[in-house]
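Note that these values count all heavy atoms, side chains included, but never hydrogens, waters or copies made by symmetry.
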Amino acid sequence: MLQISLKEKIAVVTGATRGIGFEVARSLARCGARVACVGTNAERLNQSVEQIKSEGGDAEAFLCNVADVNAVKEMAKKVLDTYGRVDILVNNAGITRDMLMRRMTDEEWNDVLSVNLNGPFFVTRAFVESMRKSKWGRIVNVSSISGLIGNAGQANYSASKAGLIGFTRTIARELGNRNITVNAVCPGFVETDMTAVLKDVMVQGIKDRTPIGRLGKPEDIANAVLYFVSEEASFVTGQVIAIDGGLAGGLN
């Protein structure tokens, strides 16, 4: 883990119940941040918070479906009432509903866009005024290499993650004059619940196409997020970095 101090910083991480989101929340807490963990599964959310606390971190659970604008407003009010402000936001919550485009239902399309693209918009809008008032903020959006290069069977997911890249670059321009940076990470195939369902032959095929020769680990993504939210990255904004072992071929 990078040795970065986030003492006294208040962070919000959506999708903090497992995989990348949990590891990001855990890493932020290890660096001294007080972390508001946001998720939709109360049991897993509480488990994440208890794990972070057991390691000496400071975390609290906030139940919220980021696709529900009213739920986001309510969650944001609770977070701000609890902490007084927010310094760091990591928009990680995301879902997949994979299907070939010609067979994809309206519901499968809308569900993914609602969580993966509308969600970051709702959550960012809810917290950005706090950052503007403080004249300091760090926003990191978790996109995907699917948003860079596409992926068969993921028209909805790829579109949502590509949209998130456009959102990132646009609000970086809007918020830079308030000392708020906005960047995106694009994970490749990472060892999480999402990839655990893949057949062994598919996983081996991914490894064979990846120059590093392995799947990523949640820590690989968390380390990049830590850099982006640090003071060391104060002159870095509007950037999109693929963390994929070289799978996307450097496209961004």
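Of the possible polar contacts, one joining the Ser130 side chain to the Val86 backbone as a donor-acceptor pair under 3.5 Å is found. A donor-acceptor pair under 3.5 Å is absent between the side-chain atoms of Asn151 and the main chain of Ser146, judged by distance alone. In terms of modelled atom types and a separation under 3.5 Å, the side chain of Asn156 and the main chain of Arg97 share a donor-acceptor contact. In this structure a side-chain-to-backbone donor-acceptor pair under 3.5 Å is present from Asn223 to Glu219.
Linking ILVMFWY side-chain heavy atoms closer than 4.5 Å, directly or via other members, places Leu63 and Val35 in two distinct hydrophobic clusters. In this structure, Ile88 is a member of the same hydrophobic cluster as Val185, with clusters built from ILVMFWY side-chain heavy atoms closer than 4.5 Å. Val49 and Leu6 sit in two unconnected hydrophobic clusters of ILVMFWY residues. Membership requires side-chain heavy atoms under 4.5 Å apart, directly or through other members. Side-chain heavy atoms closer than 4.5 Å link hydrophobic residues (I, L, V, M, F, W, Y) into clusters, and following such links, possibly through other members, connects Ile20 to Leu226. Tyr83 and Val128 fall within a single hydrophobic cluster, where Ile, Leu, Val, Met, Phe, Trp and Tyr are joined by side-chain heavy atoms under 4.5 Å apart, directly or via other members.
Heavy-atom contacts from other residues, nucleotides or ligands closer than 6.0 Å to CG of Asn177 number more than 12. Atom NZ of Lys53 has more than 12 neighbouring heavy atoms from other residues, nucleotides or ligands inside a 6.0 Å radius. For Arg173, the CZ atom counts as loosely surrounded, since its 6.0 Å shell holds 12 or fewer non-hydrogen atoms of other residues, nucleotides or ligands.
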Q: Begin with the C-alpha distance, continue with both residues' side-chain angles, and end with the deciding distance and a verdict on side chain to side chain contact (heavy atoms under 4.5 Å, CB included) for Glu23 and Ile221.
A: CA-CA 8 Å; Glu23 193 59 40; Ile221 315 305; over 6 Å; no

Q.
For a side chain to side chain contact (heavy atoms under 4.5 Å, CB included) check, start with the C-alpha distance between Leu45 and Cys37, then their side-chain angles and the critical distance, and finish with the verdict.
A. CA-CA 7 Å; Leu45 191 58; Cys37 296; 3.9 Å; yes

Q: Could you please spell out the steps behind the side chain to side chain contact (heavy atoms under 4.5 Å, CB included) verdict for Phe127 and Leu80?
A: CA-CA 9 Å; Phe127 288 117; Leu80 292 170; 4.2 Å; yes

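Relative ring orientation between Phe121 and Phe167 is described as perpendicular, the plane-to-plane angle rising above 60° on a 0-90° scale split at 30° and 60°.
Side-chain contact between Arg30 and Glu55 is present, with heavy atoms from C-beta onward closer than 4.5 Å. Between Arg178 and Met131, the closest side-chain pair of non-hydrogen atoms is not below 4.5 Å. For the pair Val13/Val38, no side-chain contact is recorded, criterion being any heavy-atom separation below 4.5 Å from C-beta on. Proximity of Phe189 to Asp244: side-chain heavy atoms (C-beta onward) are nowhere separated by under 4.5 Å. Side-chain contact between Ile52 and Phe22: present, with at least one pair of heavy atoms (C-beta onward) separated by less than 4.5 Å. With a 4.5 Å cut-off on side-chain heavy atoms, Asp106 and Asn110 count as touching. Counting heavy atoms from C-beta on, the side chains of Val79 and Val12 come closer than 4.5 Å. Arg138 has its side chain out of reach of Ile180: every pair of non-hydrogen atoms, C-beta onward, lies at least 4.5 Å apart.
Using modelled atom types and a 3.5 Å distance limit, the side chains of Gln47 and Gln51 yield no donor-acceptor pair. Defined by atom type and a distance below 3.5 Å, a donor-acceptor pair is present between the side-chain atoms of Asp98 and Gln154. Donor-acceptor pairing under 3.5 Å is lacking for the side chains of Asn70 and Glu74.
Of the residues listed (Lys217, Lys207, Arg214), the one engaging Glu191 in a salt bridge (charged side-chain N to carboxylate O under 4.0 Å, His left out) is Lys217, and it is the only one. When the options Asn91, Asn183, Thr181, Thr237 are evaluated for a side chain to side chain contact (heavy atoms under 4.5 Å, CB included) with Ile139, the one that passes is Asn91. Screening Val115, Asn118, Val112 for a side chain to side chain contact (heavy atoms under 4.5 Å, CB included) involving Ser160 leaves a single residue, Val112.
Salt-bridge annotation for Glu129 and Lys133: absent, with no side-chain N of the basic residue lying under 4.0 Å from a carboxylate O of the acidic one. Salt bridge absent: Asp58 and Lys7 never bring a charged side-chain N and a carboxylate O closer than 4.0 Å.
By the 6.0 Å and 45° rule, Arg132 does not stack over the aromatic ring of Trp136.
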